[in-house]
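Okay, so here's the structure we're looking at.
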Amino acid sequence: MTAPLVDALLFDVFGTVVDWRGTIVREGRELGRAHGIDVDWEAFAQDWHADGYQGGLARIRRGELPMSTVASLHRRKLDELLTRFSLTGLDDLSIERFNRVWRRLEPWPDALAGLARLKKTYIIAPLSNGDFGMLVDLARHDSLPWDCIFAAEQFGNFKPDPSTYDGAVALLGLPPERVMLVAAHAYDLYAARDRGLRTAYVPRPAEHAEGYSREPDAADATSDFHFDIRAADFATLADQLGA
């Protein structure tokens with residue numbers, strides 16, 4: 001299959017570029033050891049992401065919550081989880097530092113080398129629901145070689161709202177068919193395709209721990225939906241795009 005001609009690649013970040021689950025579990029265990037606390041950090045991380053992050057964004061899109069920063073959604077859910085998991089005795093500094101783990105998420109092993117290759121040929125940028133400052137901190141922490149940063153808050157809504165894809169394309173000054181979204185989540189790719197963007201599916205099977213529910217559209221990603229590219233990782237994506 002001939003790769004589509006594009007000029008820019010937009011990347012989903014949480015789960016596609018960085019490993020939120022692995023990083024949160026690792027830092028949670030470090031926090032637990034430091035304070036003599038033993039909890040199920042896999043369950044903690046999964047709930048923080050599913051209800052605190054994805055669930056919070058869904059409630060904003062449905063109008064059940066006012067427009068909020070992702071950092072505030074994370075902190076609201078973290079306070080609930082600290083109580084539910086009986087994580088008592090943590091000082092405010094420790095709690096706030098743990099909330100900022102989302103700004104220290106480690107990249108998948110193939111991410112940096114793959115992005116470096118792709119950057120030689122294409123404009124590369126995140127298009128994420130994360131806060132702009134959060135994406136800047138992640139880029140600095142992980143040495144992500146973005147040409148620019150697109151955060152959904154710049155467009156007044158969150159993915160998969162059409163305004164996020166349209167807004168990034170407009171700022172790039174490119175027709176949508178010359179822009180490709182790279183993501184591990186089919187719902188994101190569906191929405192981008194509907195706005196005329198090209199799509200590249202890069203599955204991240206380790207994003208969710210075994211035994212935990214995956215994204216609701218995970219099965220669709222392997223069914224009859226046509227992606228312009230399917231790639232096992234960013235290195236394979238670079239191969240297919242001739243980078």
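We count residues from 1, following the sequence as given.
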Please list, chain by chain and in numerical order, all residues satisfying salt bridge (Lys or Arg N to Asp or Glu O under 4.0 Å) with Glu153, sequence neighbours excluded. none

Please confirm whether the backbone N or O of Ala184 pairs with a side-chain atom of Thr16, one donor and one acceptor, at under 3.5 Å? yes

Lys159 bridged to Asp12 by N-O distance under 4.0 Å: yes

Salt bridge between Asp137 and Arg104, side-chain N to carboxylate O under 4.0 Å? no

Checking the side chain of Tyr122 only, and the main-chain atoms of Leu241 only, is there a donor and an acceptor separated by less than 3.5 Å? yes

d(Leu135 CG, Ser128 OG) to nearest 0.5 Å is 4.5 Å

Among the clusters formed by ILVMFWY side chains lying less than 4.5 Å apart, do Met67 and Tyr53 turn up in the same one? yes

Using modelled atom types only, decide if a donor and an acceptor are shared between the side chain of Thr23 and the backbone of Glu106 within a distance under 3.5 Å. yes

Any side-chain donor paired with an acceptor under 3.5 Å for Ser163 and Asp166? no

Indicate yes or no: at least one non-hydrogen side-chain atom of Leu57 is less than 4.5 angstrom from one of Val70. yes

Would Leu10 and Val179 count as a side-chain contact (heavy atoms from CB on, under 4.5 Å) if you check the C-alpha gap in whole Å, the side-chain angles of each, and the deciding distance to 0.1 Å? CA-CA 7 Å; Leu10 301 177; Val179 181; 3.7 Å; yes

Taking side chain as C-beta onward, heavy atoms only, is Arg198 less than 4.5 Å from Leu181? no

If you draw a 6.0 Å radius around CZ in Arg76, do more than 12 non-hydrogen atoms from other residues or ligands fall strictly inside? no

Salt bridge check: are Glu27 and Arg97 linked by an N-O gap of less than 4.0 Å? yes

State whether Arg204 and Asp110 are salt-bridged, where the test is any N-O pair (Lys NZ or Arg NE/NH1/NH2 against Asp/Glu carboxylate O) under 4.0 Å. yes

The reported gap from CZ in Arg193 to CG in Asp228 (rounded to nearest 0.5 angstrom) is 10.0 Å

For the ring-ring contact (aromatic ring centres under 6.0 Å, His included) test, which of Phe234, Phe150, Trp108 pairs with Phe11? Phe234

Please check if any side-chain donor atom of Asp161 sits under 3.5 Å from a side-chain acceptor atom of Thr164, or the reverse. no

Quick one: closest heavy-atom pair of Leu127 and Ala168, and the distance? CD1-CB, 4.1 Å

Nearest heavy-atom pair of Leu9 and Leu118: which atoms, and what distance? CD1-CD2, 3.8 Å

Could you tell me whether the side chain of Gln46 reaches within less than 4.5 Å of the side chain of His208, counting heavy atoms only? yes

Counting distance only, does the side-chain N/O of Asp142 pair as donor-acceptor with the main-chain N or O of Leu144 below 3.5 Å? no

Indicate yes or no for a side-chain donor-acceptor contact from Arg21 to the backbone of Glu207 under 3.5 Å, with no hydrogens or angles considered. yes

Residues Arg26 and Asp19 bridged, charged N to O under 4.0 Å: no

Look at the side chain of Asp131 and the backbone N and O of Met134, then say whether any donor-acceptor pair between them is shorter than 3.5 Å. no

Going through the distances and angles, do Trp48 and Phe98 end up as a ring pair (Phe, Tyr, Trp, His ring centres under 6.0 Å)? CA-CA 12 Å; Trp48 201 4; Phe98 191 40; 5.3 Å; yes

If the threshold is 4.0 Å, N to carboxylate O, is there a salt bridge linking Arg117 and Asp239? yes

Can you tell me how the ring of His49 sits relative to the ring of Trp102, calling it parallel under 30°, perpendicular over 60° and tilted otherwise? parallel

Quick one, Asp47 and Arg84 - any side-chain contact, counting heavy atoms below 4.5 Å? yes

If we ignore hydrogens and angles and just use 3.5 Å, is the side chain of Lys119 paired with the main-chain N or O of Ile124 as donor and acceptor? no

Check the surroundings of atom CZ in Arg62: do more than 12 heavy atoms from other residues, nucleotides or ligands lie under 6.0 Å from it? yes

Determine whether Pro160 and Arg61 make a side-chain contact, defined as any pair of heavy atoms from C-beta on separated by less than 4.5 Å. yes

Do Leu73 and Ile60 touch side chain to side chain, with heavy atoms closer than 4.5 Å? yes

Between Asp188 and Tyr201: side-chain donor-acceptor atoms closer than 3.5 Å: no

Identify whether the distance between the nearest side-chain nitrogen and carboxylate oxygen of Arg33 and Asp38 falls below 4.0 Å. no

